[in-house]
Number of protein chains: 2
Amino acid sequence: MTGSHGMPEKRRAIAAAARVVFGREGYTRASVDAIATEAGVSKRTIYNHFADKEELFRAVTIEGADEVTETINTLMERHLRKILDLQEDLIAFGVDRVRAIYEFPEHYALVRALQAEVTRLPEQTLEAWTAAGPATAHQRLAPYLQAIADRGLLAFEDANKAANHFNLLTVTDVLQRTYYGALPLAESAAREIVTDGVRAFLRLYGVQNSAK
Amino acid sequence: MTGSHGMPEKRRAIAAAARVVFGREGYTRASVDAIATEAGVSKRTIYNHFADKEELFRAVTIEGADEVTETINTLMERHLRKILDLQEDLIAFGVDRVRAIYEFPEHYALVRALQAEVTRLPEQTLEAWTAAGPATAHQRLAPYLQAIADRGLLAFEDANKAANHFNLLTVTDVLQRTYYGALPLAESAAREIVTDGVRAFLRLYGVQNSAK
DNA sequence: ATTAAACTACACTACTTAGTTTTAGTGATG
DNA sequence: CATCACTAAAACTAAGTAGTGTAGTTTAAT
């Protein structure tokens with residue numbers, strides 16, 4: 001059963017374990033031995049697949065970002081493709097997006113670890129991660145907002161800036177308050193933050209047709 | 001206030017050095033020996049002033065937060081006490097506030113280190129730091145905005161939410177893009193972000209008849 | 001000058017780390 | 001069968017870690 005979908009099975013086990021341990025312990029504190037144990041693999045095998053600890057870190061941060069980005073893409077398709085009630089759809093998207101933070105705790109733990117390492121990371125690694133993760137977050141949102149604007153439901157000059165403001169007013173607010181998902185947040189509190197954010201966003205860019 | 005007034009000179013040297021080294025290396029990687037060297041002090045002296053590494057970290061994060069909070073208070077007094085042109089004053093405040101990020105690089109490096117440790121920190125330490133730093137950021141802004149609203153230049157129902165939105169649209173945007181000050185940001189870019197943020201803020205809460 | 005507190009320098013403990021090497025074994029391919 | 005690529009397990013190297021103990025030195029107030 002060599003499920004070799006490009007990646008040997010062991011490599012995937014190592015990557016998954018690395019994500020957990022790096023997320024839980026941070027880069028420096030995470031030991032390669034601990035990752036090996038978590039992966040159910042010998043330490044030597046890790047070094048057969050990855051040059052060193054740093055390359056392992058680089059690989060898993062980017063792969064993790066890809067995974068989350070994919071999830072967010074799905075959420076945008078689900079909520080922002082066909083708009084029935086703009087405010088409700090934006091709120092539903094925001095709430096699901098926030099929920100995704102708590103559905104990928106290892107990923108956001110990894111984000112915290114990565115942010116702590118920013119000044120020590122090779123420029124290239126940071127760029128690759130930014131491109132895979134945060135950058136896509138609003139680069140991919142912008143076209144959806146543009147499409148909604150084209151149908152006359154939103155009005156702005158720059159879709160990218162609007163997307164940026166949407167993210168700031170919803171998911172960034174949550175990330176900031178919870179230290180990137182480290183602190184728990186009640187579903188109801190998340191909904192309230194997102195609702196406030198969406199209402200502000202619509203006051204900024206909404207077209208007055210659905211009234212109060 | 002964590003007064004650095006009655007504090008022996010050596011203790012201050014240690015705290016200053018710890019801020020630099022923790023900021024540069026992160027909590028785990030920073031060694032107490034390195035902090036001692038940076039402070040020009042023997043390691044034993046550090047342990048005469050602080051119970052252990054963790055208490056040292058706790059002390060310097062909170063002292064650093066106090067310092068930055070004080071600076072921000074000064075900026076609010078300077079720009080938000082007497083309003084001449086609301087938009088210009090808010091922009092000037094925002095720009096100075098962003099500049100403060102780069103005037104306290106060790107502090108924001110420390111913030112990154114702290115965020116990475118959030119899940120391992122004693123709850124009490126995190127609470128104390130949140131209270132000294134980020135929490136005050138908009139708790140103290142709210143009264144200024146309220147005073148401006150009382151003069152009829154702004155309109156909102158909840159000053160705290162307005163303050164939160166102001167911060168999100170200006171300084172949080174910058175912090176997020178620069179990984180909490182880790183990446184450089186041109187003065188002009190900072191000004192553009194803040195200007196966009198302030199304009200959005202005024203579309204949300206501004207009263208049309210004022211100035212201009 | 002005396003005294004007490006604070007300091008330095010440094011050896012020392014008990015432990016952890018990244019990465020390598022060794023030894024023994026696995027399953028597949030030709 | 002033999003080779004090949006991989007693996008586990010454990011020992012090992014070389015380095016670094018937090019924190020302690022102590023002997024001798026500085027500092028400042030009396």
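Chain A is the first sequence line, chain B the second, and so forth, proteins listed ahead of strands; every chain is numbered from 1.
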Next on the checklist: Output one letter per nucleotide in nucleotides 12-30 of chain D: B when a protein non-hydrogen atom lies under 4.0 Å from the base, S when only the sugar-phosphate is that close, - when neither is.
Outcome noted: -----SBBBBB--------

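- Residue Arg81(B) qualifies as open at atom CZ: its count of foreign heavy atoms under 6.0 Å is 12 or below.
- For Glu70(A), the CD atom is loosely surrounded, since the number of other residues' heavy atoms within 6.0 Å does not exceed 12.
- Residues passing the salt bridge (Lys or Arg N to Asp or Glu O under 4.0 Å) test with Arg140(B), sequence neighbours excluded: none.
- Nucleotides of DNA chain C with any atom under 4.0 Å from a heavy atom of chain B span, from 5' to 3', dC7(C) to dA9(C).
- Shown here are the salt bridge (Lys or Arg N to Asp or Glu O under 4.0 Å) partners of Arg44(B), two or more places apart in sequence or in another chain: there are none.
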I'd like a table of donor-acceptor pairs (distance under 3.5 Å, sequence neighbours excluded) in which one partner is a side-chain atom from residues 186-195 of chain A, with atom names and distances.
from: Glu187(A); atom 1: OE2; to: Arg99(A); atom 2: NH2; distance (Å): 2.5
from: Thr195(A); atom 1: OG1; to: Arg191(A); atom 2: O; distance (Å): 2.6

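- Counting heavy atoms from C-beta outward, Phe93(A) and Thr170(A) have side chains that stay 4.5 Å or more apart.
- Close to dC6(D), at under 4.0 Å from its OP1 or OP2, lies no side-chain N or O of His49(A).
- Nucleic acid contact for Thr45(A): sugar-phosphate only, since backbone atoms but no base atoms lie under 4.0 Å from a heavy atom of the residue.
- Annotation: side chain of Glu106(A) is not in contact with side chain of Arg24(A) (no heavy-atom distance under 4.5 Å).
- For Tyr179(A), there are no ring-ring contact (aromatic ring centres under 6.0 Å, His included) partners, not counting sequence neighbours.
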